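Please read these numbers as outputs of a predicted model, since none were measured by experiment. Numbering starts at 1 and runs along the sequence shown. Each ligand, and each atom within it, is numbered from 1 in the order the structure gives.
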Amino acid sequence: MTEYPHLLAPLDLGHVTLKNRVIMGSMHTGLEETKDWDRVAEFYATRARGGAGLMVTGGMAPNPEGGVFPGAAGLYTAQDITNHRHVTDRVHDAGGLIAMQVLHAGRYAYSPDCVAPSPVKAPIAPFTPRELDEPGIEKQIADIVTAAARAREAGYDGVEIMGSEGYFINQFLVRHTNKRTDRWGGPYENRMRLPLEIVRRARAAVGPDFILIYRLSMIDLVPEGSTFDEVVQLARAVEDAGADIINTGIGWHEARVPTIATSVPRAAFTWVTKKLMGKVGIPVITSNRINTPDVAERVLADGCADMVSMARPFLADADFVKKAADGRAATIAPCIACNQACLDHTFSGKVSTCLVNPRACYETELAITPTERPKSVGIVGAGPAGLAAAITAAERGHNVTLFDRATRIGGQLNMAREIPGKEEFHGLVAWYETMLAEHGVRLKLGREVGAEDVAGFDEVIVATGVVPRDPGIPGQHAPNVLSYIDVLTGKAPVGEQVAIVGAGGIGFDVAEFLVQDRPSPTEDLDEWKEEWGVGDPEETPGGLAPEGPRPEAPAHRVTLLQRKAERPGKRLGKTTGWIHRAALRMKQVEMRSGVTYERIDDTGLHISHGETGENPEVIAADTIVLCAGQLSERSLADALEARGITPHVIGGADVAAELDAKRAIDQGTRLAAML
Ligand code: FAD
Ligand code: NAP
Ligand code: SF4
């Protein structure tokens, strides 16, 4: 008897049966643009072997003007069809099913050639779109339908028509982006003509025995968004037009409400999908922040949907479904929803991967194979770098001992997980605990390790992390000055009014830690909805609460400072930085840049501006917290070298600048893969 009876139940679509209720949602990984089709095929085949019921590819443009950026992958030529056939064949050989997403970006396209129902520029795009005329609309429909037909020719089992997230089709549906007065604009019947024509004609083109998913925006989270009556009307019409499945879209990309970041509560939007249940006769998929089999099972058992879509969890662990089915859910590498290696890469033009799983999208390059010469490996430091090295080396058959002076594993992740909105880090540390046991790593905790302790190992890995940088501010040794470590480990009380020196990742996190009472809104959906102004789409179009965001009062009054003149938080994650900045603004955190630190005394932090110490002022503070960056902890590496032993140095111990868990895990994994 499985723990996940709803999740693992098959689903009969009439012409095909899905083996379970899990769909791997569409992700733009950038793999197709590498044109390395063996790599693309291996990415999907690996996940097919891992047991997803159905996978959806990243969005494929139906024509150049619909591409998210110039040169975005599509399915235009006979060669494209041959390339995609390579992928579908490999997926089918692996026992999987795969649908291709057709994505027309409309005004979200990063191109001067972008087109839309009306010339309304998106706040997140640089170009004003060209308004389509009647033949122009007919061309877009024809191209989308042709892409669907080509998908069938390329061996796909279905298509997903991307009708949500504020892309082209969505832009026709709402008045804010559709100002037309012809038969494609005005009353809702006209505004929804485009998706219905697309679905109707696509169904005619692909035939009855081909999966046709329509992704429908159920809560736009933008002003003048769709009403829920319109959502239901569209869903029913889409069903009548020939769709087999309706997938849920949450929020337009320009929405100022986070929808998938780690601070969004798990399964935060499944209540929206539930509103559609029973109103259409075809299966409905829910999505967003579902990252464990337990959450997915609960969502289905609660009747929120017929299927669950998870995307990033399949980057973190390709074997998600297989492990759940085998009763090994604790070994599923958790997606912590950080976006650091997936979406942040995509938006920087890099191939996606995963912070937790550096093999994601690198399946053909980074092999973890059994070693032919098992060695004894001593690793000092059980932070993410040491942990990744330990489980990878042990998985390969090496004899691994992992040391840490702390009494628990995790290194700095133990501080990260104390930050409100970063609770997912708890799951990551727990997963490492499981995997150390699974692979038989010997753990030696609670004792400082010196060179003599590890000198006898065949291979020594130093993963000793970092120490805080000393900013050298006169007066910083006073009792009212704390380091971020003192604050986050609760070593010292913090006064009501706080000045934070340093506005990097840790400065921002410490600010969130200080302004937010516990439990954080991430653990309380109703509070989170209030904080971000999410309302009921049945009561307010687009689902934005009429009263706007209503955050709780800050728990401390915080000023966050940096010396650079640039906007604080500018270098935070590409897709999540705006959330951190907005969260702190909502808590009235004052952000100051371009400052010089003069001294600290009982009154607070004395600063000036400019190179010549102009406009001196005091930032009144009961407590000053130093978050001035970090330096490598290399004392063990140096001591080993002094003994003539050359250790492998990884993570923060190697390079502290711009260090994050992504780099630490990647470096640890890659080193251990080669030992
Ligand atoms: P560490 O995690 O520092 O681990 C080093 C370990 O070595 C420690 O456990 C230490 O006790 C041990 N050690 C050192 N010397 C010895 C010795 N001589 N003997 C025995 N043991 C020793 N990164 C992200 O990617 N995303 C985030 O969201 C994020 N948030 C963060 C939030 C906070 C508040 C903090 C503090 C960090 C955050 N980071 C984040 C950064 C991330 O945690 C670090 O980049 C990462 O932990 C570095 O990994 P590491 O293995 O190199 O070192
Ligand atoms: P950081 O991001 O490099 O920021 C250090 C801050 O200290 C900067 O604001 C810097 O700004 C200031 N600073 C540097 N030298 C200083 C000096 N001598 N005196 C006073 N101020 C000084 O480092 P961090 O905040 O310590 O974070 C460490 C790492 O953890 C980062 O690389 C980060 O990527 C990672 N992290 C990531 C996340 C995440 O969400 N992804 C969260 C937390 C941490 P000025 O020089 O302008 O003053
Ligand atoms: Fe999830 Fe972060 Fe990996 Fe992206 S990088 S898949 S968000 S864990």
Participant: Based purely on interatomic distance, does Lys564 place a nitrogen or oxygen under 3.5 Å from a nitrogen or oxygen of ligand 2?
Facilitator: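 N/O-N/O distance below 3.5 Å exists for this pair.
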Participant: Looking at ligand 2, would Tyr484 count as a contact under a 4.0 Å heavy-atom criterion?
Facilitator: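 Not so, Tyr484 does not reach ligand 2.
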Participant: So is there a nitrogen or oxygen of His580 less than 3.5 Å from a nitrogen or oxygen in ligand 2?
Facilitator: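 In this structure, His580 places no N or O atom under 3.5 Å from an N or O of ligand 2.
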Participant: Closer than 4.0 Å to some heavy atom of Gly381 - which atoms of ligand 1 meet that?
Facilitator: 6 (C), 7 (O), 12 (C)
Participant: Decide whether an N or O pair under 3.5 Å exists between Ile650 and ligand 1.
Facilitator: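 Between Ile650 and ligand 1 (N or O atoms, distance only) the closest approach is not under 3.5 Å.
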Participant: Right, does atom 37 (C) of ligand 2 have protein non-hydrogen atoms nearer than 4.0 Å?
Facilitator: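 It does not; no protein heavy atom is within 4.0 Å.
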Participant: I need the atoms of ligand 1 closer than 4.0 Å to a non-hydrogen atom of Leu488, numbered in the order shown.
Facilitator: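 Heavy-atom distances to Leu488 below 4.0 Å select 34 (C).
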Participant: Quick check on contacts: which atoms of ligand 1 are under 4.0 angstrom from a heavy atom of Ala385?
Facilitator: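 Going through ligand 1 atom by atom, the ones under 4.0 Å from Ala385 are 51 (O), 52 (O).
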Participant: Can you list the ligand 3 atoms lying under 4.0 Å from a non-hydrogen atom of Ala337?
Facilitator: 1 (Fe), 7 (S)
Participant: Which protein heavy atom lies closest to atom 23 (N) of ligand 1, and at what distance to 0.1 Å?
Facilitator: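 That would be Ala661 N, 3.3 Å.
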Participant: Pull out every atom of ligand 3 sitting under 4.0 Å from any heavy atom of Ile336, numbered as shown with elements.
Facilitator: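 The atoms of ligand 3 under 4.0 Å from a heavy atom of Ile336 are 1 (Fe), 8 (S).
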Participant: Is any N, O or S atom of Cys335 under 2.8 Å away from atom 1 (Fe) of ligand 3?
Facilitator: yes
Participant: Ala463: heavy atom below 4.0 Å from ligand 1, yes or no?
Facilitator: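 It does, in that a heavy atom of Ala463 comes within the 4.0 Å cut-off of ligand 1.
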Participant: Please identify which atoms of ligand 1 are closer than 4.0 Å to at least one heavy atom of Asp660.
Facilitator: 23 (N), 24 (C), 25 (O), 45 (O)
Participant: Just to confirm my output: which protein heavy-atom neighbour is closest to atom 53 (O) of ligand 1, and how far is it?
Facilitator: Gly465 CA, 3.3 Å
Participant: Under 4.0 Å from atom 3 (O) of ligand 2, is there any protein heavy atom?
Facilitator: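 No, no protein heavy atom sits under 4.0 Å from atom 3 (O) of ligand 2.
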Participant: Among protein heavy atoms, which sits nearest to atom 6 (C) of ligand 1, and what does the distance come to when rounded to 0.1 Å?
Facilitator: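 Atom 6 (C) of ligand 1 sits closest to the protein heavy atom Asp404 OD2, 3.5 Å.
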Participant: Heavy-atom count check: over 12 atoms from other residues, nucleotides or ligands less than 6.0 Å from Glu658 CD?
Facilitator: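 Open.
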Participant: Check this for me - ligand 2, Asp470, N or O atoms closer than 3.5 angstrom, yes or no?
Facilitator: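 In fact, backbone or side chain, Asp470 has no N or O that close.
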Participant: Distance to 0.1 Å, residue and atom name: give those for the protein heavy atom nearest to atom 32 (C) of ligand 1.
Facilitator: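 Of every protein heavy atom, Asp509 OD2, 3.1 Å lies nearest to atom 32 (C) of ligand 1.
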Participant: Can you find an N/O atom of Gly502 closer than 3.5 Å to an N/O atom of ligand 2?
Facilitator: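 Between Gly502 and ligand 2, no N or O pair is found under 3.5 Å apart.
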Participant: Is there a nitrogen or oxygen of Lys422 sitting under 3.5 Å from a nitrogen or oxygen of ligand 1?
Facilitator: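 N/O-N/O distance under 3.5 Å: yes.
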Participant: Quick test: of every protein heavy atom, which one is nearest to atom 26 (O) of ligand 2, and how far off is it to 0.1 Å?
Facilitator: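 I find the closest protein heavy atom is Gly629 CA, 3.3 Å.
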Participant: Is any N or O atom of Ala656, backbone or side chain, closer than 3.5 Å to an N or O atom of ligand 2?
Facilitator: no
Participant: Under 3.5 Å, N or O to N or O, is Ala406 touching ligand 1 that way?
Facilitator: no
Participant: Work out whether the distance between some heavy atom of Phe513 and some atom of ligand 1 is less than 4.0 Å.
Facilitator: no
Participant: Give the residue, atom name and distance (to 0.1 Å) of the protein heavy atom nearest atom 14 (C) of ligand 1.
Facilitator: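 Sorting protein heavy atoms by distance from atom 14 (C) of ligand 1 puts Thr464 O, 3.2 Å first.
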Participant: Please state which protein non-hydrogen atom is closest to atom 4 (Fe) of ligand 3 and give its distance, to 0.1 Å?
Facilitator: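 Ranking protein heavy atoms by distance from atom 4 (Fe) of ligand 3, first comes Cys342 SG, 2.3 Å.
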Participant: With distance as the sole criterion, is a donor-acceptor pair present between the side chains of Thr596 and Glu598 under 3.5 Å?
Facilitator: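 The criterion, which ignores hydrogens and geometry beyond distance, is not satisfied for Glu598 and Thr596.
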Participant: Return yes when at least one N/O/S atom of Cys338 is nearer than 2.8 Å to atom 2 (Fe) of ligand 3, and no when none is.
Facilitator: yes
Participant: Among all the protein's non-hydrogen atoms, which is closest to atom 31 (C) of ligand 1, and how far away is it?
Facilitator: Ala416 CB, 3.6 Å
Participant: Need the ligand 1 atom indices (1-based, order shown) with element for anything under 4.0 Å from a heavy-atom of Gly652.
Facilitator: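 Going through ligand 1 atom by atom, the ones under 4.0 Å from Gly652 are 52 (O).
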Participant: Any N or O on Gln562 sitting closer than 3.5 Å to an N or O of ligand 2?
Facilitator: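 In this structure, Gln562 places no N or O atom under 3.5 Å from an N or O of ligand 2.
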Participant: Below 3.5 angstrom, do we get any N/O pair linking Ala657 and ligand 2?
Facilitator: no
Participant: Out of Gln412, Arg417, Arg663, whose heavy atom sits nearest atom 36 (C) of ligand 1?
Facilitator: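 Nearest option to atom 36 (C) of ligand 1, by heavy atoms: Gln412.
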Participant: Mind checking whether Asn414 has a heavy atom under 4.0 Å from ligand 1?
Facilitator: no
Participant: Which of the atoms of ligand 2 are close to Gln340, meaning less than 4.0 Å from one of its heavy atoms?
Facilitator: 41 (N)
Participant: Is Leu636 close enough to touch ligand 1? Criterion: a residue heavy atom under 4.0 Å from a ligand atom.
Facilitator: no
Participant: Ala503 to ligand 2: N or O pair under 3.5 Å?
Facilitator: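 Right, the criterion is met.
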Participant: Give the residue, atom name and distance (to 0.1 Å) of the protein heavy atom nearest atom 3 (Fe) of ligand 3.
Facilitator: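 Checking every protein heavy atom, the shortest distance to atom 3 (Fe) of ligand 3 gives Cys354 SG, 2.4 Å.
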Participant: To which protein heavy atom is atom 5 (S) of ligand 3 closest, and what is the distance rounded to 0.1 Å?
Facilitator: Leu355 N, 3.3 Å
Participant: What residue and heavy atom of the protein are closest to atom 46 (C) of ligand 1, and at what distance?
Facilitator: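 Looking only at protein heavy atoms, the one closest to atom 46 (C) of ligand 1 is Pro384 CG, 3.5 Å.
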Participant: How does Leu387 reach ligand 1, if at all, at less than 4.0 Å between non-hydrogen atoms: by side chain, backbone, both, or neither?
Facilitator: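 Neither part.
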Participant: Starting from atom 21 (N) of ligand 1, what is the nearest protein heavy atom, named by residue and atom, and what distance separates them?
Facilitator: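 Protein heavy atom with the smallest distance to atom 21 (N) of ligand 1: Arg405 N, 2.9 Å.
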Participant: For ligand 2, which is the ligand I care about here, please tell me if Leu659 has any N or O atom under 3.5 Å from one of the ligand's N or O atoms.
Facilitator: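 For ligand 2, there is an N or O atom that lies under 3.5 Å from one belonging to Leu659.
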Participant: Which ligand 1 atoms, with their elements, are less than 4.0 angstrom from a heavy-atom of Glu448?
Facilitator: 17 (C), 18 (N), 19 (N)
Participant: Please name the residue in the list Lys574, Lys662, Gln340 that meets the side-chain hydrogen bond (donor to acceptor under 3.5 Å, both in side chains) test with His345.
Facilitator: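 Answer to the side-chain hydrogen bond (donor to acceptor under 3.5 Å, both in side chains) test with His345 among Lys574, Lys662, Gln340: Lys662.
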Participant: Examine Arg447 against ligand 1 and note whether any of their N/O atoms are separated by less than 3.5 Å.
Facilitator: no
Participant: Pull out every atom of ligand 1 sitting under 4.0 Å from any heavy atom of Lys662, numbered as shown with elements.
Facilitator: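 Near Lys662, the atoms of ligand 1 are 25 (O).
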Participant: With heavy-atom distances below 4.0 Å as the criterion, list the atoms of ligand 1 near Leu355.
Facilitator: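 Ligand 1 atoms under the 4.0 Å threshold to Leu355: 25 (O).
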